[in-house]
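Since the structure comes first, as structure tokens, the remarks are kept for the end.
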Amino acid sequence: MANMELWLSKLNPEQKEAVFENNNPLLVLAGAGSGKTRVITTKIAYCIQELHYNPWNILAVTFTNKAAKEMKDRVLDMLPQEDPSSFNIRTFHSFGVWLLRRFTNEAGLQPGFTIYDDSDSLSLLRTRYSSMTSKDLKPIMKAILKAKDMGLNPYSKGLSELSIEPNIGRFFEVYEKALREVGNVDFADLITIPSRLMDENQNVRDFIQRRFKVVLVDEYQDSNVAQFELLKRLVSPSTFICVVGDDDQSIYRFRGAEIENILSFPNVFPNTKSIVLAQNYRSTSNILDLASSVIKHNSNRHEKVLRTDNGKGSKPQLYYVNDEVDEANKVYSILKRNQNFSNSAILYRTNAQSSAFETLFTKRHIPYKIVGALKFYDREEVKDALALLQLFVNSRDIVNFRRMINKPTRGIGPTSVEKIENFLPSSNGDVFAAMNKAVTQNVLSARCTNSVKTFIATMEESYNMIDEGNLGDGVKYLLDKLGLIQHFMNEDKKNNTFKVENLNSLVNAISEYPSTEKGLLTFLEEVTLDRTKIGLNEEPQEEGVTLITIHNTKGLEFEDVYVAGLEEKLFPNSMSDDEEGIEEERRLFYVAATRAKFNLYLFSAKSRRVWGRMEYDRLPSRFLDEIEEDQVEVIGFPNHKSPSSWDDKASKYLNNRGDYNLLDEKRYTHAPRHGIKHERTKPNIYKNNSNFPEDPSSLIHKGFGVSSKSFEFEKNDDEAVGYNVGDRVNNKEKGEGQIVSSINKNGRKIIEVEYDTGVIAKYIAKYAKFTKI
DNA sequence: ATAAGTGACTTTTTT
DNA sequence: AGTCACTTAT
């Protein structure tokens, strides 16, 4: 109780009003840094402590995994006595899966359904249009997925605006049919199928509406039409609904986010109470003023002004730099001077921009953590392993069947695959049944038949092992026996890559999950919904500079913010060159600038390596032009051959700040402006780590999915025999324990270890990795 | 059936 | 720079 008073005392009158309203629908329009997450978390605490709701009566959804995690952490900080698993604080998509796993039958799905990502969806569409290339199908697929996010169906009128393909509806229809036949779902289905289910099934609707008495939505400006439709169905007349958002921070239009959702909220939910939070608690006024100057160039927005009592603070600085290497050097110099690594973040528009910073920071031993790095998940070998696991739980998954049936090559070419697939219609779509039929009816060549038999047998063996031992062992066996380890070992040798180590990381990650089909499903679901779940599984870096895309910084704040790559074509990005696109890019800039509490540094390069080519004479971002002259201190100047307006600007800076060069050199004597070329290292560290003479192991925790452990192969039987009941053993991760049972099953020795921590784990002796004490 | 090589082409953000 | 479709040689 006393806590509640303390929390409330930290709120201003508008925030308190938002916490206390618990009857009428509530729309909170919250500017950047106005404490909206604090409002939501306090509101959750208030609902539980004062209004005596149970945690499971509350549903809080947001848009990104990062935001959901942040919110959950903060709620648990306030309510440490509550069981974390009783809270439904999730992303929309994760809530959708939660619902579909609970009502799998009702939704017409099989328990083993998995989630297709966009590239899987494309592969699926390709199976139905075999004469078309994926290049042709890609834009069509993209339009279909966006249509689904917008709540459209194959027969909707609005489809034609999304694609130049006149038959887009037909493609959409075929895709949906294929997806239902396979039995999997795509991301959009995680929203639309629950909506449909609640329309069609009274029981489900009653269950959900009775269960969730309070529904809260954060980052509401990023919700799309499909999500709004779901939201409407979650809310009964007795549900309290509260949404919090800021139209200036809507940055997911490309995925169907609809600012209209905010505008139409009061119409859809009668008696809506609106509260505006305009007091900013994060940034200094110098930073807010700069951000406001830019965002006010957007015409499609609600005019609003943020206040702050934080004082003027230091003036934001704009650095004109030579190229991306120079940019990294400048950032490095300021970071070193400020000595505030853990409270600093480097923000960029595209993930690819991280590499210049990574290269430099690795060389200079600057600690850093990278968010949503070059995706571990997207790596070929990782997707291969995941494909096999998906086949385990859904044997109608033709996409992953095609991916892996002949990889590494085992003599099952396109002709043979087609012969196997001819049996699909008579096998209820089950690829294993089809393979069996192809074998028994002898339609394949002798060699091919043999390969297919081995493939099936290996999958079965591995599946049985999962039942008996631990998940990691079963997967390891599978990858080894199917020849993937050998295949990638050869590739690694040839190309200096780390694919086998990456697979080992994956096996480590998966070992944490229960060794059951459910454990497997949970693992697959978590990695698909949050790609950062794997790859960063070495100890996460606590200290260090944060490298992050602007999209990922929503809801975060840092004392010092460095915004890199403020150049035309990059930011604003050339892909968003229509008016609406530019406005979205401008909102992105606004989000970036308002992450900063004290210091804001902006960077614009004259040249930049793009797609492997050096681009010279790049234009500074138009957003820099929209900053008032007295709002920023300029260092360097944009000395490019450029349109006349920029020549004027350049000379203006020269005249106003004739001493810029001197200042610059004095301040950063250790950052070489010239002669950078010979220092340049190859940005792609996977390919060639010989560029890093010092301490290659320092790459390990940087989120590259590179593990120091080499892949362990099966021990011979002699070694395995050595484990007996009563032996003390030591496992690197789990510590010391004792073997409590040992049985033989299907010719394999299974041992059970009870660790001193109380944890009991089963292993197949051959694959167990511990030492006898 | 497959390895190896060539040439054209791409460009973003996340669930 | 990296991917993908296609060709050529084994």
Side-chain angles (χ1 to χ4, degrees), chain A residues 61-68 90-97 115-119 121-122 126 132-136 138-139 142 145-146 148-149 185-191 219 222-224 226-227 250-257 347-353 355 371-372 374-375 377-380 406-417 444-445 447-448 451 490 494-495 497 525-533 548-554 565 569-577 581 584-585 587-588 591-592 609-615 682-684 686-688:
Chain A
V61 285
T62 182
F63 190 71
T64 62
N65 290 300
K66 223 171 150 36
R90 299 164 173 277
T91 61
F92 264 109
H93 290 92
S94 140
F95 171 70
V97 173
I115 305 161
Y116 272 170
D117 66 18
D118 294 3
S119 74
S121 292
L122 179 60
R126 259 198 96 181
M132 290 177 74
T133 65
S134 61
K135 202 188 106 208
D136 294 332
K138 201 172 180 178
K142 218 176 150 182
L145 292 172
K146 186 158 185 185
K148 290 181 79 168
D149 278 339
V185 298
D186 61 19
F187 278 112
D189 284 336
L190 298 177
I191 311 299
E219 308 288 6
D222 287 326
S223 64
N224 57 42
Q227 288 164 337
S250 169
I251 53 177
Y252 285 95
R253 194 185 63 106
F254 72 94
R255 271 207 61 260
L347 275 50
Y348 36 77
R349 178 67 178 78
T350 65
N351 279 304
Q353 285 170 258
S355 74
V371 177
L374 269 170
K375 290 148 210 157
Y377 173 93
D378 277 341
R379 309 193 67 73
E380 174 197 13
N406 197 32
K407 186 172 182 180
T409 49
R410 50 176 73 92
I412 311 172
T415 326
S416 306
V417 171
L444 307 171
S445 71
R447 181 186 171 211
C448 190
S451 293
N490 296 340
K494 210 163 51 186
N495 309 329
T497 49
E525 198 169 289
E526 288 188 6
V527 298
T528 315
L529 289 181
D530 184 357
R531 298 169 169 210
T532 61
K533 268 259 154 62
I548 191 168
T549 61
I550 299 166
H551 281 90
N552 257 318
T553 62
K554 278 278 279 296
K569 290 185 178 168
L570 181 59
F571 190 14
N573 197 270
S574 53
M575 292 286 92
S576 320
D577 58 0
E584 174 135 317
E585 299 281 322
R587 290 192 293 270
L588 262 177
V591 168
R609 189 168 283 274
V610 186
W611 313 312
R613 292 218 166 278
M614 199 58 160
E615 267 197 18
K682 206 173 178 190
N684 189 341
Y686 300 104
K687 271 284 169 80
N688 189 354

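Just so we're on the same page: letters track the sequence lines, and every chain starts at 1.
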Base, sugar-phosphate alone, or nothing: which one does [X] contact when heavy atoms must sit under 4.0 Å apart?
| X | value |
| --- | --- |
| R410(A) | sugar-phosphate |
| K148(A) | nothing |
| N65(A) | sugar-phosphate |
| T415(A) | sugar-phosphate |
| F92(A) | nothing |
| I115(A) | nothing |

Think [X] has a side-chain N or O under 4.0 angstrom from the OP1 or OP2 of [N]?
| X | N | result |
| --- | --- | --- |
| N406(A) | dT2(B) | yes |
| S416(A) | dA1(B) | yes |
| S94(A) | dT15(B) | no |
| T409(A) | dA3(B) | yes |
| S576(A) | dT12(B) | no |
| T549(A) | dT14(B) | yes |
| N573(A) | dT13(B) | no |
| N351(A) | dT13(B) | yes |

May I have the distance from [X] (atom [atom1]) to [N] (atom [atom2]), rounded to whole angstrom?
| X | N | atom1 | atom2 | value |
| --- | --- | --- | --- | --- |
| L347(A) | dT13(B) | CG | P | 14 Å |
| D530(A) | dT15(B) | CG | P | 7 Å |
| I412(A) | dT2(B) | CD1 | P | 8 Å |
| L570(A) | dT12(B) | CG | P | 11 Å |
| I548(A) | dT14(B) | CD1 | C1' | 13 Å |
| E219(A) | dT15(B) | CD | C1' | 14 Å |
| D136(A) | dT10(B) | CG | P | 11 Å |

Can you check whether L529(A)'s main-chain N or O pairs, donor with acceptor, with H93(A)'s side chain at less than 3.5 Å? no

Name the stems with DNA chain B in them: runs of three or more consecutive Watson-Crick or G-U pairs, distances under 3.5 Å?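 So the stems come out as B:1-10 with C:1-10.
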
Residue [X], side-chain heavy atoms: nucleotide from [options] that is nearest:
| X | options | value |
| --- | --- | --- |
| T350(A) | dT15(B), dT13(B), dT14(B) | dT13(B) |
| R126(A) | dA5(C), dT15(B), dT13(B) | dA5(C) |
| R255(A) | dC4(C), dT13(B), dT15(B) | dT15(B) |

Within the 4.5 Å heavy-atom criterion, are T549(A) and Y348(A) side-chain neighbours or not? yes

Evaluate the side-chain proximity of F187(A) to L145(A): yes if any heavy-atom separation is below 4.5 Å, no if none is.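 No, too far: nothing below the 4.5 Å cut-off.
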
Closest-nucleotide ordering on DNA chain B, the 5'-leading residue of P414(A) and Y252(A):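 With Y252(A) and P414(A) compared, the 5'-side residue is P414(A).
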
With rounding to the nearest 0.5 angstrom, report the [atom1] to [atom2] distance, [X] to [Y].
| X | Y | atom1 | atom2 | result |
| --- | --- | --- | --- | --- |
| K146(A) | R253(A) | NZ | CZ | 5.5 Å |
| K569(A) | R349(A) | NZ | CZ | 15.5 Å |
| N224(A) | D149(A) | CG | CG | 4.5 Å |
| D530(A) | T91(A) | CG | OG1 | 8.5 Å |

S121(A) vs D118(A), test: side chain to side chain donor-acceptor pair (under 3.5 Å). Steps then yes/no. CA-CA 5 Å; S121(A) 292; D118(A) 294 3; 5.3 Å; no

Parallel, tilted or perpendicular, as decided by the 30° and 60° cut-offs, for the rings of Y252(A) and F63(A):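 Ring orientation, 0 to 90° scale: tilted.
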
